[in-house]
Amino acid sequence: MATARDITLTPSAAARVAAIAERQGKPAILRLSVDGGGCSGFQYRFGFADAPDADDTVAETDGVRLVVDSISLDLVRGCAVDYVESLGGAAFKVDNPNAASGCGCGSSFAI
């Protein structure tokens, strides 16, 4: 089983997840998964979860949980999920040390 050190949720991302979850009346659990596709080969997907699944790795920051399934974990091990605001907009961003390359939009990557 993977440890919480395998994934990280920054305080900025945790605060944003908590705000969205409260507004939607959902638990503060953000799911990160990886799908095939996107402009670089793999694509990040974010969504809210009602609870962690049995095979999930869970990281917790300020009472907010980030969950990643065991298959996706192999592609994002060591990553940090952040929330960034810039002139171009605001979004969750994955800092993935496994990605050999990415795309301009930041939502897909290659290994």
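Everything numeric in this text was worked out from a predicted model, so none of it was measured.
Heavy atoms only, all atoms of each residue included: Ala14 and Val64 are closest at O-CG2, 3.4 Å. Between Ala21 and Pro27, the closest heavy-atom pair is CB-O, 3.6 Å.
For the atom pair CG (Leu9) and CG (Asp82), the distance works out to 8.5 Å, reported to the nearest 0.5 Å. Atoms CD and CG, from Gln43 and Asp35 in turn, are 7.0 Å apart once rounded to the nearest 0.5 Å. To the nearest 0.5 Å, the span separating OG1 on Thr57 from CG on Asp6 amounts to 6.0 Å. We find the OG-NZ distance between Ser86 and Lys93 to be 11.0 Å, quoted to the nearest 0.5 Å. If you take CZ on Phe92 and OG on Ser12, they are separated by 8.5 Å, rounding to the nearest 0.5 Å.
Grouping the Ile, Leu, Val, Met, Phe, Trp and Tyr side chains by contacts below 4.5 angstrom, directly or via other members, places Phe46 with Ile7. With hydrophobic clusters built from ILVMFWY side chains whose heavy atoms lie under 4.5 angstrom apart, Phe48 shares a cluster with Val94.
At distances below 3.5 Å, at least one donor-acceptor pair connects side-chain atoms of Thr10 with backbone N or O atoms of Ala13.
Partners of Arg65 according to the side-chain hydrogen bond (donor to acceptor under 3.5 Å, both in side chains) rule, which considers only residues two or more places apart in sequence or in another chain, do not exist here. For Ser72, the side-chain hydrogen bond (donor to acceptor under 3.5 Å, both in side chains) test picks out Asp69, with sequence neighbours left out.
Remark: of the listed residues Leu30, Leu75, Leu32, Leu32 is the sole one forming a side-chain contact (heavy atoms from CB on, under 4.5 Å) with Val68.
With hydrogens and angles left out, the side-chain atoms of Tyr44 and Asn96 include a donor and acceptor closer than 3.5 Å.
With contacts defined as side-chain heavy-atom distances shorter than 4.5 Å, the pair Pro11/Asp62 qualifies. The shortest distance between side-chain heavy atoms of Val58 and Leu66 does not fall below 4.5 Å.
Residue pairs that meet the salt bridge (Lys or Arg N to Asp or Glu O under 4.0 Å) test with at least one member in residues 17-34, sequence neighbours left out, are Arg31-Asp53, Arg31-Asp56.
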